Colleague: 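First, the structure itself, so that you have it in front of you.
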Amino acid sequence: MPESINPLEAARREKLRKIAEMGIDPWGGRFDNTQPIAAIRNRESEIVAVGAGDCHVGQPPEMHGPLVRAAGRIVLQRRAGKLMFLDLRDWTGQIQLLIGKSQVGEQNWQLAQQLDLGDIIGVDGELNRTRTGELSIFVSQLHFLTKSLEPPPEKYHGLQDPELRQRMRYLDLAYNEGVLQRFLKRTHIVQSVRQTLADHGFVEVEGPTLHAIAGGAAARPFITHHNALDIDLYLRIALELHLKRLLVGGLERVYELGRVYRNEGISPRHNPEFTMLEAYQAYGDYHTMMELTEQIVLQAIRAIGADPAQMQFAGQKLDFTAPFARRTYDEVFAEHTGVPADDPEAIRRYATQIGLETAGKHPDVIKSEVFEAKVEDALIGPVFVIDYPASICPLTKRKRHRPDIAERFELYVCGMEIANAYTELNDPDLQEELFSRQLEGLPEEQSMARMDRDFIRALRHGMPPAGGLGIGIDRLVMLLTDTPTIRDVILFPLLRPEAQ
RNA sequence: GGGGCUGUAGCUCAGUAGGUAGAGCAACGGACUUUUAAUCCGUAGGUCUCGGGUUCGAGUCCCGACAGCCUCACCA
């Protein structure tokens with residue numbers, strides 16, 4: 001349906017026609033027995049001198065390499081008369097192809113004249129080095145696999161416009177240095193997280209994403225509607241409450257790794273849908289979860305071939321050698337504000353000083369806002385900040401004999417909250433009271449503005465004491481791949497729809 | 001939602017005081033059997049995001065809209 005009169009596309013369609021005329025399907029088909037380009041490059045050592053004994057003194061020996069078959073996209077081309085050099089890329093690497101008119105024969109040469117940047121081809125040929133030493137496939141047979149009708153991005157700078165990079169992620173992946181590798185690393189990190197949890201005896205489950213009550217966090221939910229039941233439903237904002245029901249049901253080590261949705265602003269660290277891990281371990285506590293967190297992070301670093309002792313994020317050197325530092329909330333609070341953590345009046349004065357509104361707020365809320373404003377960014381870490389003010393932790397067990405302190409930690413690295421974990425509150429009466437207190441005076445739109453009575457009922461049936469852990473997978477991937485924006489670790493971040 | 005920045009050829013970017021738009025890459029034609037961001041000669045390619053306004057004249061100045069980025073707010 002070519003409605004475009006773009007001359008660049010027209011030229012490519014003309015070549016497409018010529019390929020078809022040659023009796024070749026320009027859209028290709030099954031092409032077996034290819035070797036990954038990275039694997040082909042590894043066979044360089046198989047290039048050896050043949051018949052070296054017959055060589056005249058002073059004459060270089062004739063080199064021969066293995067026959068190989070590769071497939072991929074043409075990303076660069078250099079034509080030199082009856083010889084052409086193409087750079088072929090697949091998802092493992094890139095290699096130069098050398099096509100000589102007299103070497104490939106008339107038919108192949110004619111086909112080669114119809115090649116454009118972006119086309120997908122397969123080749124058979126010998127792995128060898130050119131005169132200048134560049135490892136190359138000396139093509140003996142060309143296989144045309146797919147025509148690209150659109151011109152690729154600029155060959156040196158790639159696709160720079162951040163909007164186009166996100167809207168046309170396929171181009172970002174196909175042509176921009178390191179993008180595909182970064183997303184493959186994401187996959188390896190996620191696989192590693194699952195493996196570490198499996199190694200610790202956890203089972204993975206799939207909870208509902210459509211919730212009648214969006215609980216487990218305080219965020220505005222996305223609202224949708226079920227027609228047959230004629231009820232509004234919410235896309236889940238957390239995994240917590242259903243996983244805890246499963247603890248009640250006897251799944252002693254259980255986790256879910258999946259998407260949650262929060263109808264909030266978009267920023268370099270926030271996307272409306274993001275990937276969350278939550279894991280719950282019966283008979284554990286937040287210390288158990290710290291050890292698990294260390295294992296998950298360390299294994300993930302190893303899974304992408306990095307050295308835990310020499311990580312880097314945003315120019316900051318990081319050492320992930322376990323154990324990570326453990327500092328109490330009050331310690332880091334006092335250290336980075338110079339205000340005693342146990343002096344609400346001093347904290348209030350300080351908060352006012354730095355421009356925070358304090359009127360009518362609970363002292364712990366003020367403390368928490370000061371923490372976010374002044375302490376978080378200063379936490380390079382990795383550091384477990386432990387023992388939070390209880391009043392800002394409605395789902396957390398209190399410290400024995402210290403009802404004002406909750407057994408909670410957050411893992412901070414470079415000012416980013418990577419993990420959040422509790423010793424889980426399993427007292428149904430206290431849980432109900434905390435929910436009720438939280439509901440007081442909350443605006444209608446707040447997601448927690450409804451009591452999840454079934455969850456309380458589940459607790460009344462007995463939830464074993466447990467440790468629970470949440471990890472923001474996107475932020476973990478950002479951290480481990482040194483990527484400063486969440487948009488670049490999410491394949492298709494939310495954008496406004498393109499104007500039609 | 002507030003504030004700031006950006007939007008020019010398919011892509012990457014210039015654009016001088018306001019005077020009818022330039023380069024590189026890509027494309028097209030030509031030369032080249034060892035190039036590697038190949039090189040050399042030539043050709044073609046534009047609703048300057050969109051809509052108003054000021055002006056004899058707007059890519060440029062003003063207003064508005066749209067989109068993206070940064071930032072603040074929201075996000076226990």
Side-chain angles (χ1 to χ4, degrees), chain A residues 4-12 14-15 75-87 94-104 109 116-118 128-136 138 148-168 171 175-176 216-221 237-238 260-272 274 355 357 361-362 364-365 367-369 371-373 388-396 406 408 410 417 420 434 437-438 442-443 445-448 472 484-485 487 493 495-499:
Chain A
S4 166
I5 51 164
N6 183 330
L8 297 177
E9 183 179 343
R12 286 165 179 261
E14 175 60 16
K15 291 176 187 169
V75 292
L76 281 176
Q77 60 170 345
R78 298 170 289 284
R79 294 176 192 247
K82 299 181 180 66
L83 195 63
M84 58 194 288
F85 300 89
L86 304 177
D87 285 12
Q94 192 168 317
I95 195 166
Q96 175 171 273
L97 308 178
L98 187 151
I99 303 174
K101 183 178 185 185
S102 63
Q103 286 85 348
V104 296
W109 187 249
D116 282 305
L117 292 178
N128 213 325
R129 280 181 289 262
T130 62
R131 221 176 264 172
T132 55
E134 178 76 17
L135 188 67
S136 308
F138 288 68
S148 171
L149 294 174
E150 298 271 0
E154 212 266 349
K155 71 181 179 186
Y156 186 60
H157 300 91
L159 196 63
Q160 289 296 319
D161 185 328
E163 183 176 352
L164 296 183
R165 286 185 52 220
Q166 293 169 63
R167 285 198 196 282
M168 298 194 276
L171 291 182
Y175 293 103
N176 281 1
R220 288 222 300 277
I237 58 173
V260 298
Y261 307 84
R262 295 184 181 179
N263 205 340
E264 308 279 358
I266 298 174
S267 86
R269 290 183 182 183
H270 297 86
N271 193 62
F274 61 101
E357 182 58 56
K361 285 180 182 168
H362 187 285
D364 282 347
V365 172
K367 192 174 179 182
S368 164
E369 287 178 3
F371 187 91
E372 283 172 23
Y388 276 63
S391 55
I392 59 170
C393 308
L395 294 158
T396 311
R408 170 181 182 179
E410 292 195 357
E417 178 195 332
N420 181 18
L434 292 176
R437 202 179 299 164
Q438 195 172 27
L442 272 188
E445 80 228 28
Q446 289 271 350
S447 65
M448 291 285 285
T485 164
R487 284 184 288 266
L495 283 174
R496 274 188 197 279
E498 209 170 346

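Quick note on labels: first sequence line is chain A, next is B, and so on, each numbered from 1. We use all heavy atoms of the structure for the numbers below, so side chains are in, but hydrogens, waters and symmetry mates are not. Fair warning: this is a prediction, and the values are worked out from it, not measured in the lab.
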Colleague: Considering every strand shown, what is the Watson-Crick or G-U wobble mate of B:U35 when both distances are under 3.5 Å?
Modeller: none

Colleague: Identify, with sequence neighbours excluded, every residue that meets salt bridge (charged side-chain N to carboxylate O under 4.0 Å, His left out) alongside A:E369.
Modeller: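 Applying salt bridge (charged side-chain N to carboxylate O under 4.0 Å, His left out) to A:E369 gives A:K361.
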
Colleague: On a whole-Å scale, what distance lies between the C1' atoms belonging to B:G52 and B:G15?
Modeller: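 That atom pair is separated by 25 Å.
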
Colleague: Compare all side-chain heavy atoms of A:W109 with those of A:Q103 and state whether any distance is below 4.5 angstrom.
Modeller: no

Colleague: What integer distance in Å separates A:H270:NE2 from B:C72:P?
Modeller: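 Rounded to the whole Å, the gap is 11 Å.
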
Colleague: What is the distance, to the nearest angstrom, from the CD1 atom on A:I266 to the P atom on B:A67?
Modeller: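 To the nearest whole Å, that distance equals 12 Å.
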
Colleague: Between C1' on B:G7 and CZ on A:R167, what's the gap in Å once rounded to a whole number?
Modeller: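 So the two atoms are 13 Å apart, to the nearest Å.
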
Colleague: When rounded to the nearest Å, what value does the distance between P atoms of B:U16 and B:C61 take?
Modeller: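 Result for the P pair: 9 Å, nearest Å.
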
Colleague: Under 3.5 Å, is there a donor-acceptor pair between the side chain of A:Q166 and the main chain of A:P162?
Modeller: yes

Colleague: Can you sort out the partners of A:D87 under salt bridge (charged side-chain N to carboxylate O under 4.0 Å, His left out), two or more places apart, ordered by chain and number?
Modeller: A:R78

Colleague: Does the structure show a Watson-Crick or G-U wobble partner for B:A23, both distances under 3.5 Å? Name it, or say none.
Modeller: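 Base partner found: B:U12.
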
Colleague: Going by distance alone, is a donor N or O of one side chain under 3.5 Å from an acceptor N or O of the other, for A:H157 and A:E154?
Modeller: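 Per modelled atom types, A:H157 and A:E154 side chains form a pair under 3.5 Å.
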
Colleague: Measure the distance from CG on A:L164 to C1' on B:C11 and round it to the nearest whole Å.
Modeller: 9 Å

Colleague: How about A:P152 and A:V75: do any of their side-chain heavy atoms sit closer than 4.5 Å?
Modeller: no

Colleague: For B:C28, which nucleotide is its Watson-Crick or G-U wobble mate, given both distances must be under 3.5 Å?
Modeller: B:G42

Colleague: Could you state the atom-to-atom distance from CG of A:D161 to P of B:C13 in whole Å?
Modeller: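 Those two atoms, CG and P, are 8 Å apart.
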
Colleague: Between protein and nucleotides 1-4 of chain B, what N or O pairs are separated by less than 3.5 Å?
Modeller:
none

Colleague: When the distance from CZ of A:R262 to C1' of B:A76 is rounded to whole Å, what number comes out?
Modeller: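 In whole Å, B:A76 C1' lies 10 Å from A:R262 CZ.
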
Colleague: Can you tell me, in whole Å, how much space there is between the P of B:A21 and that of B:C50?
Modeller: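 Comparing P positions in B:A21 and B:C50 gives a spacing of 16 Å.
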
Colleague: Find the distance A:N263:CG to B:C75:C1' and express it as a whole number of Å.
Modeller: 11 Å

Colleague: Once you apply the 3.5 Å cut-off to both distances, tell me the Watson-Crick or G-U wobble partner of B:G57, or none.
Modeller: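 Per the H-bond distance test, none.
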
Colleague: Please measure how far the C1' atom in B:G57 lies from the corresponding atom in B:G68, and state the result in whole Å.
Modeller: 32 Å

Colleague: For B:G64 versus B:A27, give the span between their P atoms, rounded off to a whole number of Å.
Modeller: 43 Å

Colleague: Counting any heavy atom closer than 4.0 Å, what does A:R165 reach on the DNA or RNA strands: base, sugar-phosphate only, or nothing?
Modeller: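 The answer is nothing, as A:R165 stays clear of every strand by at least 4.0 Å.
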
Colleague: For A:R487, what residues pass the salt bridge (charged side-chain N to carboxylate O under 4.0 Å, His left out) criterion, not counting sequence neighbours?
Modeller: none

Colleague: Using a cut-off of strictly less than 4.0 Å, decide whether A:R437 has a side-chain nitrogen or oxygen near OP1 or OP2 of B:A76.
Modeller: no

Colleague: I'd like the C1' distance from B:G10 over to B:A26, given in whole Å.
Modeller: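 Their C1' atoms lie roughly 7 Å apart.
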
Colleague: Any donor and acceptor pair, going by atom type alone, linking the side chain of A:R262 with main-chain N or O of A:I237 inside 3.5 Å?
Modeller: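 Looks like yes, one N/O pair under 3.5 Å.
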
Colleague: Taking only the C1' atom of each, what is the distance from B:A67 to B:A14 in whole angstrom?
Modeller: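 23 Å, rounded to whole Å.
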
Colleague: Roughly how far apart, to the nearest Å, are B:G4 and B:C25 at atom C1'?
Modeller: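 Approximately 32 Å lies between the C1' atom of B:G4 and that of B:C25.
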
Colleague: Main chain of A:E134, side chain of A:S136: is a donor-acceptor contact present, judged purely on distance under 3.5 Å?
Modeller: yes

Colleague: Expressed as a whole number of angstroms, how long is the span from A:R220:CZ to B:C74:C1'?
Modeller: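 After rounding, the reported distance stands at 7 Å.
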
Colleague: Once each nucleotide of nucleotides 26-38 of chain B is scored for protein heavy atoms under 4.0 Å, what B/S/- sequence comes out, 5' to 3'?
Modeller: BSS---BBBBBBB

Colleague: Does B:C66 have a Watson-Crick or wobble mate here (both distances under 3.5 Å), and if so which one?
Modeller: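 Because both required distances fall under 3.5 Å, B:C66 counts as paired with B:G7.
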
Colleague: Not counting sequence neighbours, list each pair that qualifies as a salt bridge (charged side-chain N to carboxylate O under 4.0 Å, His left out) and has a residue in residues 157-168 of chain A.
Modeller: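 Passing the test, one end in residues 157-168 of chain A: A:E163-A:R167, A:R165-A:D172, A:R165-A:D488.
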
Colleague: With distance as the sole test, does A:N176 use its side chain to make a donor-acceptor pair with the main-chain N or O of A:L159 at under 3.5 Å?
Modeller: yes

Colleague: Could you check whether A:E264 gets within reach of a base, just the sugar-phosphate, or nothing at all, counting any heavy atom under 4.0 Å?
Modeller: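 If one applies the 4.0 Å heavy-atom cut-off, A:E264 turns out to touch a base.
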
